[in-house]
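First comes the structure, then the notes that go with it.
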Amino acid sequence: MNRIALAADHGGYELKEAVKQLLDERGIPYRDFGTNSNESCDYPDYAGPAARLVSGGDFERGIFCCGSAAGMVIVANKFPGVRAVACHDEWAARMSRLHNNANVLALGGRVVNLEEAKRIVTTWLETEFEGGRHARRLDKIADIEDEPQPTA
Ligand code: RB5
């Protein structure tokens, strides 16, 4: 596994620290894009730089944490090639890999506890993309990204 980009706001800070512990235990390299405390901050400031580097291929995957997971998903999916999914249970994590080849996992620190989050991350890391008909669908998403954007 290539490096993982980690990002969080204050709502996901503790979750991010728990994810780091898990990645350390498994010897999986990562870079922590912050935040580094429970102090209130703005999630785009952390999700943006991390998602940009997943989009550019510097990082194979990202794990982004905020209060609900929603903000992280919204920011991450602005970047071409990023497929971010909010997963609040292991089933969603498995499906996001099998069918969507999700390369960013978003977790909500106000939704799941630390033990649930570790199980979700483990499942997400260990599940491979199924390909086949699902690859065709992802190709169609890439086509949409390539469409000219409307101008004002
Ligand atoms: C912060 O209060 C909260 O809005 C943020 O962590 C996240 O849930 C946004 O989607």
Side-chain angles (χ1 to χ4, degrees), residues 1-26 28-127 129 134 137-138 140-142 144-147 149-150 152:
M1 169 87 54
N2 287 331
R3 289 185 307 162
I4 292 189
L6 297 179
D9 74 353
H10 54 290
Y13 165 66
E14 285 178 12
L15 219 49
K16 173 172 69 65
E17 295 306 298
V19 172
K20 280 164 67 174
Q21 191 181 27
L22 178 75
L23 297 178
D24 285 337
E25 285 165 11
R26 296 176 144 249
I28 298 173
Y30 58 83
R31 177 166 151 198
D32 183 354
F33 288 78
T35 189
N36 293 309
S37 78
N38 287 314
E39 193 176 329
S40 182
C41 62
D42 299 334
Y43 55 82
D45 294 343
Y46 302 94
R52 182 170 285 111
L53 293 181
V54 174
S55 175
D58 297 71
F59 291 84
E60 184 182 353
R61 298 200 206 172
I63 301 175
F64 297 178
C65 310
C66 65
S68 65
M72 290 300 189
V73 167
I74 292 168
V75 174
N77 282 323
K78 298 290 181 195
F79 292 84
V82 171
R83 294 176 298 279
V85 180
C87 298
H88 302 316
D89 57 39
E90 285 182 80
W91 183 82
R94 187 172 298 110
M95 294 307 294
S96 81
R97 292 288 311 134
L98 287 173
H99 286 194
N100 310 110
N101 200 12
N103 51 10
V104 170
L105 168 66
L107 296 168
R110 296 171 187 157
V111 185
V112 295
N113 64 40
L114 299 185
E115 290 312 309
E116 288 167 336
K118 285 183 176 181
R119 286 197 293 273
I120 291 168
V121 169
T122 299
T123 296
W124 190 75
L125 291 173
E126 291 179 350
T127 306
F129 179 47
H134 304 296
R137 293 160 187 167
L138 298 191
K140 291 187 177 186
I141 295 173
I144 291 170
E145 287 176 340
D146 288 342
E147 286 173 6
Q149 298 302 307

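Order of appearance sets the numbers: ligands from 1, and atoms from 1 within every ligand. Since this is a predicted model, take the numbers as computed values, not measurements.
Tyr30 pairs by the ring pair (Phe, Tyr, Trp, His ring centres under 6.0 Å) definition with nothing, not counting sequence neighbours. Arg52 pairs by the salt bridge (charged side-chain N to carboxylate O under 4.0 Å, His left out) definition with nothing, not counting sequence neighbours. Qualifying salt bridge (charged side-chain N to carboxylate O under 4.0 Å, His left out) partners for Glu145, counting only residues two or more places apart in sequence or in other chains: none.
Using cut-offs of 30° and 60° on the angle between ring planes, the pair His99 and His134 is parallel.
With a 4.5 Å cut-off on side-chain heavy atoms, Arg94 and Thr127 count as touching. Using a 4.5 Å heavy-atom cutoff, the side chains of Asp32 and Glu17 are in contact.
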Distances only, to 0.1 Å: what are the N or O pairs between ligand 1 and the protein that fall under 3.5 Å?
from: ligand 1; atom 1: 2 (O); to: Arg110; atom 2: NH1; distance (Å): 3.2
from: ligand 1; atom 1: 6 (O); to: Asp9; atom 2: OD1; distance (Å): 3.4
from: ligand 1; atom 1: 6 (O); to: Asp9; atom 2: OD2; distance (Å): 2.6
from: ligand 1; atom 1: 6 (O); to: Gly67; atom 2: N; distance (Å): 2.7
from: ligand 1; atom 1: 8 (O); to: Gly67; atom 2: N; distance (Å): 3.3
from: ligand 1; atom 1: 8 (O); to: Ser68; atom 2: N; distance (Å): 2.9
from: ligand 1; atom 1: 8 (O); to: Ser68; atom 2: OG; distance (Å): 3.1
from: ligand 1; atom 1: 10 (O); to: Ser68; atom 2: OG; distance (Å): 3.3
from: ligand 1; atom 1: 10 (O); to: Gly71; atom 2: N; distance (Å): 2.9

